**Student:** 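Input: one structure, supplied below.
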Amino acid sequence: MTPDLFEFEERQRCRKWREELCPGAVVLHGFAAQDDTAIFAALHGVTGEAAFRHMITPGGFRMSVALTNCGAYGWVSDRTGYRYDATDPESGKPWPRMPGVFLKLAQKAAASAGFEDFEPDACLVNRYEPGARLSLHQDKNERDFGAPIVSVSLGLPAIFLWGGLRREDRPVRIPLMHGDVMVWGGPSRLCYHGVLALKEGNHPLMGGYRINLTFRKAT
DNA sequence: AAGTCGCC
DNA sequence: ATGG
């Protein structure tokens with residue numbers, strides 16, 4: 001198959017995905033770029049209180065992505081399962097409070113995508129190093145799927161995988177760069193998604209990492 | 001179960 | 001290298 005034909009078919013698939021599989025998902029290119037130094041400073045505050053760690057999946061595997069949380073609730077995984085917890089299992093203390101710059105950014109992005117009054121109570125902070133990946137999954141540990149998901153990309157670029165509502169739906173590849181924000185909710189709230197293994201690189205602000213902030217209403 | 005592997 |  002020629003590259004042109006491949007690109008044409010990929011475009012067709014993207015259109016089908018937008019219109020049929022995941023309506024309501026939005027990519028806001030560069031939306032967070034202007035705030036990146038403030039976000040970076042706030043991030044240091046959060047990770048100083050609750051360090052990145054590699055959680056264990058119920059299957060007993062170590063996740064390649066390191067994560068921590070801020071906000072009233074944090075997403076945790078161990079051999080017993082996935083859940084939201086108000087305390088950090090590493091320290092027994094509450095998660096760091098959600099920085100104002102995080103909350104405002106999430107609310108502004110949600111509103112831009114048509115979701116007014118987004119009140120996230122959980123912010124997952126994912127750190128990808130080269131080789132780290134996230135296989136296809138749904139965000140479904142939240143109590144109420146009425147609220148959207150807001151996902152902020154910082155640092156090294158990554159290829160995001162956007163699937164449909166069924167695991168068998170072949171994902172579309174979406175390149176995400178520093179400052180890009182994705183919002184999905186409504187009919188696309190439970191779409192499968194993942195991230196391909198991160199490539200090596202250097203970013204002026206984030207160095208050799210990709211940081212992803214994911215805002216959710218957990219309760 | 002948000003993982004990894006071997007095989008094709 | 002990629003994907004089932």
Side-chain angles (χ1 to χ4, degrees), chain A residues 1-10 12-14 16-17 21-22 25 50-71 73-85 88-90 95 120 122-143 145 147-176 182-185 188-201 209-219:
Chain A
M1 184 186 296
T2 67
D4 280 356
L5 183 54
F6 176 79
E7 274 193 31
F8 173 77
E9 294 199 343
E10 194 63 15
Q12 295 292 103
R13 290 188 52 237
C14 287
K16 183 185 166 93
W17 165 74
L21 294 179
C22 282
F52 286 113
R53 78 292 304 266
H54 293 270
M55 292 194 179
I56 303 298
T57 65
F61 294 99
R62 173 186 182 274
M63 293 177 69
S64 59
V65 175
L67 64 102
T68 185
N69 295 279
C70 61
Y73 294 91
W75 184 88
V76 295
S77 175
D78 59 25
R79 280 183 175 74
T80 71
Y82 308 141
R83 64 189 175 277
Y84 283 95
D85 205 316
D88 176 352
E90 297 272 308
W95 296 102
C123 173
L124 282 70
V125 184
N126 295 127
R127 187 186 66 189
Y128 294 74
E129 57 182 40
R133 58 190 291 278
L134 205 53
S135 58
L136 223 52
H137 68 280
Q138 293 172 298
D139 294 352
K140 57 178 184 184
N141 293 103
E142 299 74 28
R143 188 187 299 275
F145 300 135
I149 303 287
V150 175
S151 172
V152 178
S153 294
L154 299 163
L156 294 180
I159 303 294
F160 211 90
L161 300 173
W162 269 105
L165 294 173
R166 300 170 306 170
R167 193 181 283 279
E168 317 84 73
D169 295 329
R170 181 148 71 104
V172 165
R173 293 175 177 212
I174 312 274
L176 291 180
M182 296 199 57
V183 181
W184 67 95
S188 66
R189 174 62 180 74
L190 288 172
C191 278
Y192 279 87
H193 55 282
V195 181
L196 288 185
L198 195 77
K199 288 189 179 168
E200 297 253 9
Y209 295 102
R210 171 176 188 258
I211 300 289
N212 173 251
L213 309 176
T214 306
F215 296 90
R216 300 143 179 218
K217 182 160 172 44
T219 62

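Chain letters run A, B, ... following the sequence lines, proteins first, then strands; residues in each count from 1. On a predicted model such as this, the values are computed, not experimentally measured, just so you know.
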**Student:** Scan side-chain atoms only and decide if A:Tyr84 and A:Arg216 contain a donor-acceptor pair under the 3.5 Å cut-off.
**Tutor:**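 Distance-only check passes for A:Tyr84 and A:Arg216.
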**Student:** Run the salt bridge (charged side-chain N to carboxylate O under 4.0 Å, His left out) check on A:Arg189 and A:Asp139 step by step: do they pass?
**Tutor:** CA-CA 8 Å; A:Arg189 174 62 180 74; A:Asp139 294 352; 5.2 Å; no
**Student:** Phosphate oxygens OP1/OP2 of B:dA1: is one of them under 4.0 Å from a side-chain N or O of A:Arg83?
**Tutor:**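 For A:Arg83, the contact criterion (side-chain N or O under 4.0 Å from OP1 or OP2 of B:dA1) is not met.
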**Student:** When the distance from CE of A:Met55 to P of B:dA2 is rounded to whole Å, what number comes out?
**Tutor:** 16 Å
**Student:** For the residue pair A:Gln138 / A:Tyr192, report whether a side-chain donor-acceptor contact shorter than 3.5 Å exists.
**Tutor:** yes
**Student:** Identify whether any heavy atom of A:Thr80 sits under 4.0 Å from a base atom; if not, whether one sits that close to sugar-phosphate; answer base, sugar-phosphate or nothing.
**Tutor:** base
**Student:** Could you pick out which residue, A:Arg133 or A:Gly81, lies toward the 5' side of DNA chain B when each is mapped onto its nearest nucleotide?
**Tutor:** A:Gly81
**Student:** Would you check, one step at a time, whether the test ring-ring contact (aromatic ring centres under 6.0 Å, His included) holds for A:Trp75 with A:Tyr82?
**Tutor:** CA-CA 7 Å; A:Trp75 184 88; A:Tyr82 308 141; 5.3 Å; yes
**Student:** In whole angstrom, give the distance that lies between atom CG of A:Leu136 and atom P of C:dG4.
**Tutor:** 10 Å
**Student:** How close or far is atom P of B:dA2 from atom CG of A:Asn212, stated in whole angstroms?
**Tutor:** 17 Å
**Student:** A:Asn141 CG to B:dA2 P: how many Å, rounded?
**Tutor:** 10 Å
**Student:** Round to a whole Å and report the spacing from CG of A:Leu161 to P of C:dT2.
**Tutor:** 12 Å
**Student:** Figure out the CG/C1' separation between A:Asp139 and B:dA2, and round it to whole Å.
**Tutor:** 9 Å
**Student:** Any idea which of B:dA2, B:dT4, C:dG4 is nearest the A:Arg170 side chain?
**Tutor:**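 Ranking B:dA2, B:dT4, C:dG4 by closest atom to the A:Arg170 side chain puts C:dG4 first.
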**Student:** Checking base pairs now: Watson-Crick or wobble, both atom distances under 3.5 Å. What partners C:dG4?
**Tutor:** B:dC7
**Student:** Taking the side chain of A:Arg173 as heavy atoms from C-beta outward, which of B:dA1, B:dT4, C:dG3 is closest to it?
**Tutor:**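 Comparing B:dA1, B:dT4, C:dG3 against the side chain of A:Arg173, the answer is C:dG3.
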**Student:** Between atom CZ in A:Arg166 and atom C1' in C:dG4, what is the gap in whole Å?
**Tutor:**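 From A:Arg166 CZ to C:dG4 C1': 16 Å.
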**Student:** Classify the nucleic acid contact of A:Ser77 as base, sugar-phosphate or nothing, counting any heavy atom under 4.0 Å across all strands shown.
**Tutor:**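 Result for A:Ser77 = nothing.
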**Student:** What residues form a salt bridge (Lys or Arg N to Asp or Glu O under 4.0 Å) with A:Arg53, not counting sequence neighbours?
**Tutor:**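 For A:Arg53 the salt bridge (Lys or Arg N to Asp or Glu O under 4.0 Å) partners, ignoring immediate neighbours, are A:Asp88.
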**Student:** Could you state the atom-to-atom distance from NE2 of A:His193 to C1' of B:dA1 in whole Å?
**Tutor:** 13 Å
